[in-house]
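Input: a single structure, listed below in structure tokens.
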Amino acid sequence: MYVRPAAAAAAAFLGFTLTLLGGTAAAAATDLSVPSSPSDSRGPTGATGATGPTGTAGAPGLLGPVVYAHRGASAYAPENTLAAIDLAMRLGFDWVENDVQRTKDGELVVVHDDTLARTTDVEQAFPDRKPWRVKDFTAAEIATLDAGSWFGEEYAGERVPTLRQYLDRVERNRQRLLLETKKPELYPGVEKQTLQVLDEAGWLDPDHVERRLVVQSFSADSVRIVHDLRPDLVTAFLGTPTVAELPKYAGFTDRINPWHTTISADWVAAVHDLRGAHGKTMEVDTWIVDDAATARKVQGMGVDGIITNAPDVVHQAVLGSFAY
């Protein structure tokens, strides 16, 4: 479900936050274009998910959990589009999350579902191609689809970005990326291909690897493959293994990222008791948390990060008076 904030509430929050950023609420709310030279300035450190004292990618900030903008600021803009990550930047959030899948002709694209029906106009554009799976369309065909109108007419004409286009925009925005290999069982070799695109885009240099990139998946095999190919990368497994199962994940991943309804403070502590693939305390980034009460609840459990469609709401909830 996508909930858009009331205009007055959004203006109040944006106005206060962007005073710190040197911008205006009106600019953030209405202008989704990217400046030619985006400022290094961000919102408060804890809000943006800047690296913590260890300097590792996604390390918790000093003031609270890292906040990740899930598929961009997807409560307020169409998910996984360039508009959504631009809006996350304008709201002051460094970390964005995305989903990677592969087209019929081998191009990696950023889209969540394995079918294009929910988030594009593919049913109108190609009515005879049901069930409209990503893997059954070429990159050129997908590039013609409208990936914004389903969310709101103001986003008409937004496109499904290729992974390279997405990486270039995140880099231009000076943001950081939590990348998910989505349904890798449908795309043999997608891990190696994803790493190749990351490398070509300049995302596997020491700065990106240490501070700006995490790769995750619901597939333990996919996470293990990424770790084997690039042992220096920070990786995460999406799921909630039992406490007894946790140690077997520590050999190839650095964190366990569970759905928030499946965890407790004791479970989080059990993860923290383990050393991950890089010899550091394993971490927990939970999803999808979009309301203040749940954000505070999981913060109390000790999570290291919160993945959310509404990063502004979560940021305000977990940082309180420090949010400004």
Side-chain angles (χ1 to χ4, degrees), residues 57-58 68 70-72 79-82 84-85 95-120 122 129 131-143 145 147 159-171 176-205 208-209 212-239 249 251-257 277 285 287 307:
Y68 298 86
H70 181 244
R71 308 179 203 167
E79 64 182 61
N80 278 326
T81 62
L82 301 185
I85 56 175
W95 281 99
V96 293
E97 184 267 359
N98 76 354
D99 307 280
V100 175
Q101 301 200 53
R102 189 163 63 203
T103 68
K104 182 178 181 180
D105 53 341
E107 184 80 42
L108 296 183
V109 292
V110 178
V111 62
H112 177 268
D113 299 0
D114 61 359
T115 157
L116 297 156
R118 181 176 63 86
T119 57
T120 76
V122 68
R129 300 276 292 275
W132 303 288
R133 298 194 185 280
V134 175
K135 66 184 181 68
D136 294 333
F137 286 80
T138 67
E141 289 172 330
I142 291 175
L145 300 176
R159 302 302 176 192
V160 174
T162 65
L163 177 58
R164 181 56 190 266
Q165 290 169 337
Y166 193 98
L167 291 171
D168 289 347
R169 182 59 64 89
V170 174
E171 180 68 21
R176 311 167 198 246
L177 179 60
L178 175 59
L179 181 153
E180 181 182 342
T181 57
K182 198 72 180 179
K183 299 196 174 180
E185 65 277 7
L186 298 177
Y187 312 109
V190 69
E191 298 85 5
K192 183 177 181 179
Q193 185 180 2
T194 298
L195 292 174
Q196 180 179 351
V197 175
L198 284 164
D199 193 22
E200 291 171 352
W203 273 76
L204 294 184
D205 69 302
H208 287 80
V209 168
R212 298 179 60 189
L213 179 64
V214 178
V215 178
Q216 66 176 358
S217 182
F218 283 97
S219 166
D221 289 338
S222 186
V223 177
R224 187 181 290 106
I225 290 170
V226 171
H227 175 70
D228 289 345
L229 291 171
R230 286 294 302 239
D232 54 336
L233 280 177
V234 176
T235 59
F237 172 68
L238 285 159
Y249 291 88
F252 61 88
T253 193
D254 302 279
R255 58 189 69 181
I256 306 294
N257 293 354
D285 299 330
W287 49 272
I307 303 169

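Quick caveat: nothing in here was measured; it's all calculated off a predicted structure.
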May I have the step-by-step check of side-chain contact (heavy atoms from CB on, under 4.5 Å) for T162 and T103, ending in yes or no?
-> CA-CA 10 Å; T162 65; T103 68; over 6 Å; no
Can you find a heavy atom in the side chain of V234 that is under 4.5 Å from one in the side chain of L213?
-> no
Do the side chains of L179 and W203 get nearer than 4.5 Å, heavy atoms only?
-> no
Salt-bridge present (R224, D228; N to O < 4.0 Å) = no
Can you tell me how far the CZ atom of F218 sits from the CG atom of N257, to the nearest 0.5 Å?
-> 9.0 Å
Note, T253 side chain near H227 side chain (heavy atom, < 4.5 Å) | no
Spacing of K182 atom NZ and Q216 atom CD [to the nearest 0.5 Å] | 8.5 Å
Check against side-chain contact (heavy atoms from CB on, under 4.5 Å), L177 and V96 = CA-CA 5 Å; L177 179 60; V96 293; 4.2 Å; yes
Here the pair of heavy atoms bringing L163 nearest to V110 is CA-CG2, 3.9 Å
In Å and rounded to the nearest 0.5 Å, what is the CG to CG distance from D99 to N80?
-> 5.0 Å
Knowing that exactly one of H70, R71, H112 qualifies, which makes a side chain to side chain donor-acceptor pair (under 3.5 Å) with E79?
-> R71
Quick one: does W287's side chain get under 4.5 Å of L238's, heavy atoms only?
-> yes
Could you give me the CA-CA distance, side-chain angles and deciding distance for R255 and V214, then say whether side-chain contact (heavy atoms from CB on, under 4.5 Å) is met?
-> CA-CA 10 Å; R255 58 189 69 181; V214 178; 4.1 Å; yes
Dump the intermediate steps for side-chain contact (heavy atoms from CB on, under 4.5 Å) on T194 and Y187, then the final yes or no.
-> CA-CA 11 Å; T194 298; Y187 312 109; over 6 Å; no
Could you tell me whether a side-chain N or O of Q193 sits under 3.5 Å from a main-chain N or O of G106, the two making a donor and an acceptor?
-> yes
Non-hydrogen atoms of A139 and E107 that approach each other most closely | CB-CB, 3.6 Å
CG on D199 to CG on L195, rounded to 0.5 Å | 8.5 Å
Can you name the nearest heavy-atom pair linking D113 to R118, along with the distance?
-> OD2-NE, 2.8 Å
Is any side-chain heavy atom of R129 closer than 4.5 Å to a side-chain heavy atom of V122?
-> no
Do you know the tightest heavy-atom contact between L82 and P161?
-> CD2-CB, 4.0 Å
Side chains of L233 and L204 in contact at under 4.5 Å (non-hydrogen atoms) = yes
So, does T181 use its side chain to make a donor-acceptor pair with the main chain of S217 at under 3.5 Å?
-> no
About how many Å separate CZ of R133 and CG of D114, when rounded to the nearest 0.5 Å?
-> 5.0 Å
K104 and F137, any side-chain heavy atoms less than 4.5 Å apart | no
Between the CG atom in L229 and the NZ atom in K192, the distance rounded to the nearest 0.5 Å is 7.5 Å
Sub-4.5 Å side-chain heavy-atom contact between P188 and R102 | yes
Distance-minimising heavy-atom pair for A147 and T81 | O-CG2, 3.9 Å
Between T235 and F252, the two heavy atoms sitting closest are OG1-O, 3.1 Å
